[in-house]
Amino acid sequence: MTEPYFGWARPVALLAAVSVVASCATLPRKGPNKREIFASSVQNEGDAFIVSVDERVTKVTSVVPPLGFSKSFVNAGLVGSDTIQPGDTLGISVWENVEDPLLGTAVGGPANLQEVQVDGSGFIFFPYAGRIKVSGSTPESVRRTITRQLDPQTPDPQVEVRRIAGDGATVSLSGFVGGQGVYPIQRPTRTLSAMLAQAGGVTTNPEIAQVIVIRGAQRGRIWFNDLYKFPELDIPLRGGDRILIEEDNRSYTSLGATGAQNRVSFDTQELSAIEAIAQVGGLTASESDPTGVFIFRDETAAVANQVLGRSDLTGEQRMVYVLNLTEPNGLFRARDFNIRDEDTLYVTEAPLSQFNKVIAALTGTLSNVANASDTIGESFIGD
């Protein structure tokens with residue numbers, strides 16, 4: 001059989017291949033395109049509000065929940081370095097100017113009580129003076145009290161009281177701190193920054209370190225760096241305080257035509273959209289559409305109402321913020337727009353990217369079909 005008899009095979013096979021590729025609903029891609037995202041808007045009976053980012057939107061959405069201490073933390077006065085607390089231990093010595101002392105020995109030496117424990121209610125028991133309330137007092141105040149109690153029983157007693165820091169005058173430090181452990185509150189370490197310095201400082205990136213102070217049922221949290229920016233945050237400590245150093249656990253998710261698709265941790269206190277894009281390797285030059293940068297977020301009703309100019313929304317609202325990096329102020333707006341915890345950053349593929357995929361699919365398919373038709377022809381020639 002000669003070539004004219006099988007010449008029909010090539011055009012028919014090529015036409016069939018083109019039809020198959022053209023009939024495909026979609027080619028492989030990294031996610032929805034701009035048209036599909038906009039189709040999910042509330043205006044199109046979807047469940048998300050789609051908003052183009054401008055200066056007003058940037059200002060309204062830039063509000064970040066502040067970290068700080070309550071007034072009860074900030075307004076607490078410094079604990080005196082010699083203030084006695086429940087759990088402390090006192091050393092007490094008494095000199096008596098008599099031949100037959102109540103507490104001492106006949107040779108004239110002092111009576112020494114080296115470890116007098118302050119109980120949980122703040123009391124001590126002292127011979128011939130009875131049960132004495134000492135918590136919240138200074139050693140000098142306790143000295144006068146004991147002297148007054150002993151004076152009717154022994155003439156002109158000379159009393160010395162020394163405070164030895166105990167369990168009630170300590171704080172505990174844990175987490176990303178140089179030396180975890182229990183530390184006494186002493187004159188040089190009565191404030192938060194001084195105690196952290198005593199423990200060796202933080203062992204993680206100070207930019208993302210957070211300091212948590214737990215005092216009974218109260219809890220306060222601040223950024224470590226703010227401790228040195230705002231003096232009012234350097235709060236006085238109290239016995240029993242627990243201090244925990246944590247790393248910032250905020251993150252966002254990057255998807256689409258970016259350098260990396262991943263869950264990304266914040267590495268600064270504030271993170272702009274342009275920094276988030278750079279953090280994942282930027283936009284993919286051969287695939288991304290700089291007019292289709294989207295930030296998906298569950299926004300509070302208060303912020304959503306301000307962004308949309310409404311007052312009737314209640315509960316969390318699904319918001320999609322759109323950045324167009326090709327606009328004159330596009331990069332500035334991306335620089336000023338803050339990424340928040342649990343945001344999703346998504347960049348759509350450029351239309352040309354899909355076109356190139358179609359061409360590549362057609363080219364590869366047509367090449368394979370042409371080779372197949374040549375093989376068929378050669379088999380017919382052989383026959």
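Keep in mind the model is a prediction, meaning the values are calculated, not measured.
- Under a 3.5 Å cut-off, the side chain of Q279 and the backbone N or O of S265 do form a donor-acceptor pair.
- The shortest side-chain heavy-atom distance between L227 and D234 falls under the 4.5 Å cut-off.
- Residue F337 is grouped with residue L308 when hydrophobic side chains (ILVMFWY) are merged at heavy-atom distances under 4.5 angstrom, including chains of intermediate members.
- Using modelled atom types, no side-chain atom of N44 and backbone atom of S41 make a donor-acceptor pair closer than 3.5 Å.
- M319 and V322 fall into different hydrophobic clusters, where Ile, Leu, Val, Met, Phe, Trp and Tyr residues are linked whenever their side-chain heavy atoms come under 4.5 Å apart, directly or through other members.
- A salt bridge links E55 with R333; the closest basic N to acidic carboxylate O contact falls under 4.0 Å.
- Residues V159 and I92 are in side-chain contact: their nearest non-hydrogen atoms beyond the backbone lie under 4.5 Å apart.
- From D248, atom CG reaches atom CD of E207 across 9.5 Å, with rounding to the nearest 0.5 Å.
- Screening L173, I212, I214 against I243 for a side chain to side chain contact (heavy atoms under 4.5 Å, CB included) leaves a single residue, L173.
- Contact record, I295 with D343: CG2-OD2, 3.6 Å, taken as the closest heavy-atom pair.
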T145 vs K133, side-chain contact (heavy atoms from CB on, under 4.5 Å): CA-CA, chis, key distance, verdict
CA-CA 10 Å; T145 299; K133 174 78 171 183; over 6 Å; no
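- With Q180 contributing its side chain and V177 its backbone, the two residues share no donor-acceptor pair below 3.5 Å.
- Judged by distance alone, with hydrogens and angles left aside, the side-chain atoms of N305 form a donor-acceptor pair with the main-chain N or O of L313 at under 3.5 Å.
- The OG atom of S62 sits 6.0 Å away from atom CG of N338, with the distance rounded to the nearest 0.5 Å.
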Kindly indicate, with the supporting measurements, whether the criterion side-chain contact (heavy atoms from CB on, under 4.5 Å) is fulfilled by T58 and F332.
CA-CA 10 Å; T58 295; F332 286 104; over 6 Å; no
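- Between I339 and F266, the closest side-chain pair of non-hydrogen atoms falls below 4.5 Å.
- I146 CD1 to E160 CD: the interatomic distance, rounded to the nearest 0.5 Å, is 11.0 Å.
- Heavy atoms only, all atoms of each residue included: P86 and S135 are closest at CD-CB, 3.8 Å.
- The main-chain N or O of S40 is never found under 3.5 Å from a side-chain atom of Q43 such that the two would form a donor-acceptor pair.
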Go through the steps to decide whether F126 and L150 satisfy the test side-chain contact (heavy atoms from CB on, under 4.5 Å), and finish with yes or no.
CA-CA 10 Å; F126 192 82; L150 293 179; 4.0 Å; yes
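- Side-chain N or O atoms of D226 include none that pairs as donor or acceptor with a backbone N or O of K229 at under 3.5 Å.
- Here the closest non-hydrogen pair linking R56 and V307 is NH2-O, 2.6 Å.
- With hydrogens and angles ignored, the 3.5 Å screen pairs a side-chain donor or acceptor of S254 with a backbone N or O of A260.
- Connection of V202 to V211 is established within a shared hydrophobic cluster, with ILVMFWY side chains joined at heavy-atom distances below 4.5 Å, either directly or through further cluster members.
- Closest non-hydrogen pair, V134 versus I84, comes out as O-CB, 3.6 Å.
- By the neighbour-count criterion of 12 heavy atoms within 6.0 Å, atom CD of E232 is densely surrounded, having more than that number from other residues, nucleotides or ligands.
- A 4.5 Å side-chain heavy-atom check between I37 and F296 finds at least one atom pair inside the cut-off.
- With R340 contributing its side chain and T61 its backbone, the two residues share a donor-acceptor pair below 3.5 Å.
- Of the options T89, L90, I132, V142, a side chain to side chain contact (heavy atoms under 4.5 Å, CB included) to V118 is made by L90 and by none of the others.
- The CG atom of D54 sits 12.5 Å away from the CG atom of N324 when rounded to the nearest 0.5 Å.
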Before you tell me yes or no, could you show the steps for T268 and E275 under side-chain hydrogen bond (donor to acceptor under 3.5 Å, both in side chains), namely the whole-Å CA-CA distance, both residues' side-chain angles and the distance that decides it to 0.1 Å?
CA-CA 10 Å; T268 56; E275 290 171 328; 4.8 Å; no
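- Between F294 and Y346, the two ring planes are tilted [angle within 30° to 60°].
- Here the closest heavy-atom approach between residue E299 and residue A304 is recorded as CG-N, 3.9 Å.
- Criterion: ILVMFWY side-chain heavy atoms under 4.5 Å apart, direct or through other members. Under it, V320 and V293 are not part of a common hydrophobic cluster.
- Closest non-hydrogen pair, L325 versus A334, comes out as CD2-CB, 3.8 Å.
- Here the side chain of D298 pairs no donor or acceptor atom with the backbone of R318 at under 3.5 angstrom.
- More than 12 heavy atoms of other shown residues, nucleotides or ligands fall within 6.0 angstrom of atom CZ in R162.
- When the side chains of ILVMFWY residues are joined at heavy-atom separations under 4.5 Å, either directly or via intervening members, I277 and L271 end up in a single hydrophobic cluster.
- Rounding to the nearest 0.5 Å places OG1 of T204 at 10.5 Å from CD of Q210.
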Criterion side-chain contact (heavy atoms from CB on, under 4.5 Å) on L192 and F69, from CA distance to verdict
CA-CA 12 Å; L192 180 56; F69 292 125; 4.0 Å; yes
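- For the residue pair Q198 and T189, no side-chain donor N or O sits within less than 3.5 Å of a side-chain acceptor on the partner.
- Distance check, rounded to the nearest 0.5 Å: CD of Q158 to CD of E96 gives 10.5 Å.
- Counting only distance, with no hydrogens or angles, the side chain of Q153 and the backbone of Y128 share a donor-acceptor pair below 3.5 Å.
- Within a 6.0 Å sphere centred on CD of Q218, other residues, nucleotides and ligands contribute more than 12 heavy atoms.
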Might you work through the side-chain hydrogen bond (donor to acceptor under 3.5 Å, both in side chains) test for S93 and N112, ending with a clear yes or no?
CA-CA 4 Å; S93 299; N112 293 315; 2.6 Å; yes
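- Partners of Y252 according to the ring pair (Phe, Tyr, Trp, His ring centres under 6.0 Å) rule, which considers only residues two or more places apart in sequence or in another chain, do not exist here.
- Here E140 pairs with R144 in a salt bridge; the nearest charged N to carboxylate O distance falls below 4.0 Å.
- The shortest side-chain heavy-atom distance between P32 and T348 does not fall under the 4.5 Å cut-off.
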